[in-house]
Q: 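Just dropping this structure here.
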Amino acid sequence: MQQVAAEVEELSLAERAYRAIRDRLVMLEIRPGAPINEEQLGQSLGVGRTPVREALKRLQYERLITTYARRGTFATEVNITDLAHISEVRLELEPLAAAQAARRATAADRANLTALRTELEDGGLGRDPAELMRLDLRVHRAVYTATHNPYLEDTLVRHDNLATRIWCLFVDRLSGMAGHVEEHGPLIAAIVAGDADRAARLARSHVEGFERAVREAI
């Protein structure tokens, strides 16, 4: 029993490490190309090396870090040429996720989304750019969770993370950032109302607007 409990604890620490390191990479708090130091990460998160290593395995698969023989592990560079590939996937899957969320969201999902919409409306857009992007991530992840399709959710979280890194890279050049985040209000309303067709249309428009804004900022 003690061994099982230890394994469960290790898994929970690995998950915690994964989420914390992932979001540091997504928000460019760990800069593109920066070396990844397992010991320093473990110390900053209050976990041992094993959870950090488990987290890094997942993050390499998600294209957030890369490992080179005899050189070490580094945060991946943000390559603007990836935008077209990422958008190609999101243009197909974001509308699907929004529609499925409208059809499948539970009462708890709708309450969570409604709370996020309230946060958007009650001063959420007066935050600094980093806080706005964190709010954007929270909304997207809540929509993906509401699909109740773990495969769709995992795929979209990965691609949204990569898109957010591009956004962070060009944030100083982007105008209308608050308006882009504000678009989530009508999308959330459509999902909560169960309007799958409208939710899908709004999701597609949101992705198109994001790609257009980034390309204009380049």
Side-chain angles (χ1 to χ4, degrees), residues 23 26-28 62 78 80-105 109-110 112-149 151-218:
D23 288 350
V26 169
M27 295 298 297
L28 304 191
E62 295 176 10
V78 176
I80 191 59
T81 60
D82 291 338
L83 178 62
H85 300 306
I86 295 167
S87 294
E88 186 175 356
V89 175
R90 295 181 72 220
L91 280 169
E92 295 298 322
L93 296 187
E94 289 278 0
L96 173 62
Q100 294 297 65
R103 296 184 183 107
R104 298 174 177 172
D109 293 327
R110 295 176 198 278
N112 184 35
L113 287 164
T114 298
L116 286 168
R117 186 184 181 195
T118 299
E119 191 171 342
L120 283 168
E121 295 170 348
D122 294 347
L125 301 184
R127 302 180 179 189
D128 65 30
E131 287 300 315
L132 278 174
M133 280 184 278
R134 289 190 179 93
L135 181 54
D136 184 83
L137 282 169
R138 287 166 57 203
V139 172
H140 278 274
R141 290 171 184 175
V143 172
Y144 306 152
T145 297
T147 67
H148 294 278
N149 181 331
Y151 300 99
L152 180 60
E153 180 180 0
D154 287 349
T155 300
L156 276 171
V157 166
R158 289 201 303 271
H159 285 82
D160 187 51
N161 287 341
L162 295 172
T164 300
R165 293 186 88 219
I166 294 173
W167 192 7
C168 287
L169 189 66
F170 292 98
V171 66
D172 293 337
R173 304 186 208 172
L174 290 170
S175 61
M177 177 179 171
H180 179 76
V181 179
E182 190 175 24
E183 292 175 1
H184 290 311
L187 173 61
I188 290 172
I191 292 172
V192 172
D195 190 339
D197 291 340
R198 177 169 170 74
R201 288 196 303 272
L202 290 169
R204 184 175 184 86
S205 176
H206 184 72
V207 176
E208 290 172 339
F210 169 77
E211 181 175 13
R212 184 166 56 250
V214 172
R215 293 197 179 282
E216 289 173 356
I218 296 173

Q: Check step by step if side-chain contact (heavy atoms from CB on, under 4.5 Å) holds for Ile86 and Ile166.
A: CA-CA 10 Å; Ile86 295 167; Ile166 294 173; 4.0 Å; yes

Q: Mind checking the CD1-CZ spacing from Ile191 to Arg110? Nearest 0.5 Å is all I need.
A: 9.0 Å

Q: For the side-chain contact (heavy atoms from CB on, under 4.5 Å) test, which of Leu152, Asp160, Asp154, Leu93 pairs with Tyr144?
A: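 For Tyr144, the side-chain contact (heavy atoms from CB on, under 4.5 Å) test succeeds with only one of Leu152, Asp160, Asp154, Leu93, which is Asp160.
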
Q: What closest approach, in Å, do Ala98 and Ala200 show between heavy atoms, and which atom pair accounts for it?
A: CB-N, 4.2 Å

Q: Report yes if some heavy atom in the side chain of Phe210 is under 4.5 Å from a heavy atom in the side chain of Leu83; otherwise report no.
A: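 Side-chain contact under 4.5 Å: yes.
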
Q: With no hydrogens and no angle check, just 3.5 Å: does a side-chain donor-acceptor pair link Arg141 and Asn161?
A: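 Arg141 vs Asn161: donor-acceptor pair found between side chains.
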
Q: In the structure I gave you, are the side-chain heavy atoms of Leu28 and Arg165 within less than 4.5 Å of one another anywhere?
A: yes

Q: Ignoring hydrogens and geometry, is there a side-chain-to-backbone donor-acceptor pair from Ser87 to Ala84 under 3.5 Å?
A: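 No; judged by distance alone, with no hydrogens or angles, the pair does not exist.
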
Q: What pair of heavy atoms forms the shortest contact from Ala102 to Ala190, and how long is it?
A: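 Closest pair (atom of Ala102, atom of Ala190, distance): CB-O, 4.3 Å.
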
Q: How close do Ala142 and Leu113 get, counting heavy atoms only, and between which atoms?
A: CB-CD2, 3.8 Å

Q: Between atom CZ of Phe170 and atom CZ of Arg215, what is the distance when rounded to the nearest 0.5 Å?
A: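 These two atoms lie 10.0 Å from each other.
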
Q: Going from CD on Glu88 to CD on Glu211, what distance comes out if it is rounded to the nearest 0.5 angstrom?
A: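 Going from the CD atom of Glu88 to the CD atom of Glu211 covers 10.0 Å.
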
Q: List the residues meeting side chain to side chain contact (heavy atoms under 4.5 Å, CB included) with Val207, not counting sequence neighbours, and say none if there are none.
A: Arg90, Leu91, Glu94

Q: Parallel, tilted or perpendicular: which fits the ring planes of His184 and His206, with parallel below 30° and perpendicular above 60°?
A: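 Geometry flag for His206 against His184: tilted rings.
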
Q: Could you grab the distance from atom CD of Glu183 to atom CG of Asp136, nearest 0.5 Å is fine?
A: 9.5 Å

Q: Between Leu187 and Ala203, which heavy-atom pair has the shortest distance, and what is it?
A: CD1-N, 4.2 Å

Q: As a quick check of understanding, evaluate salt bridge (charged side-chain N to carboxylate O under 4.0 Å, His left out) for Arg204 and Glu208, giving each step before the final call.
A: CA-CA 6 Å; Arg204 184 175 184 86; Glu208 290 172 339; 3.4 Å; yes

Q: Can you name the salt bridge (Lys or Arg N to Asp or Glu O under 4.0 Å) partners of Glu62, sequence neighbours left out?
A: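 Listed in chain order: nothing, the list is empty.
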
Q: Among residues at least two apart in sequence or on other chains, which ones pass side chain to side chain contact (heavy atoms under 4.5 Å, CB included) with Asp197?
A: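 Asp197 satisfies side chain to side chain contact (heavy atoms under 4.5 Å, CB included) with Asp195, Arg201 once adjacent residues are dropped.
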
Q: Between Asp109 and Arg104, which heavy-atom pair has the shortest distance, and what is it?
A: OD2-O, 4.5 Å

Q: Evaluate the side-chain proximity of His140 to Leu156: yes if any heavy-atom separation is below 4.5 Å, no if none is.
A: no

Q: Are the side chains of Ile188 and Leu120 in touch, meaning some heavy atoms are under 4.5 Å apart?
A: yes

Q: With the side chain counted from C-beta on, respond yes when Val214 and Ile80 share a heavy-atom pair under 4.5 Å apart, and no when they do not.
A: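 Of all side-chain heavy-atom pairs linking Ile80 with Val214, at least one is under 4.5 Å.
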
Q: Provide the closest heavy-atom pair for Ala189 versus Arg117 in the form atom of the first, atom of the second, distance.
A: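 Between these two residues, the closest heavy atoms are CB-NH1, 3.4 Å.
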
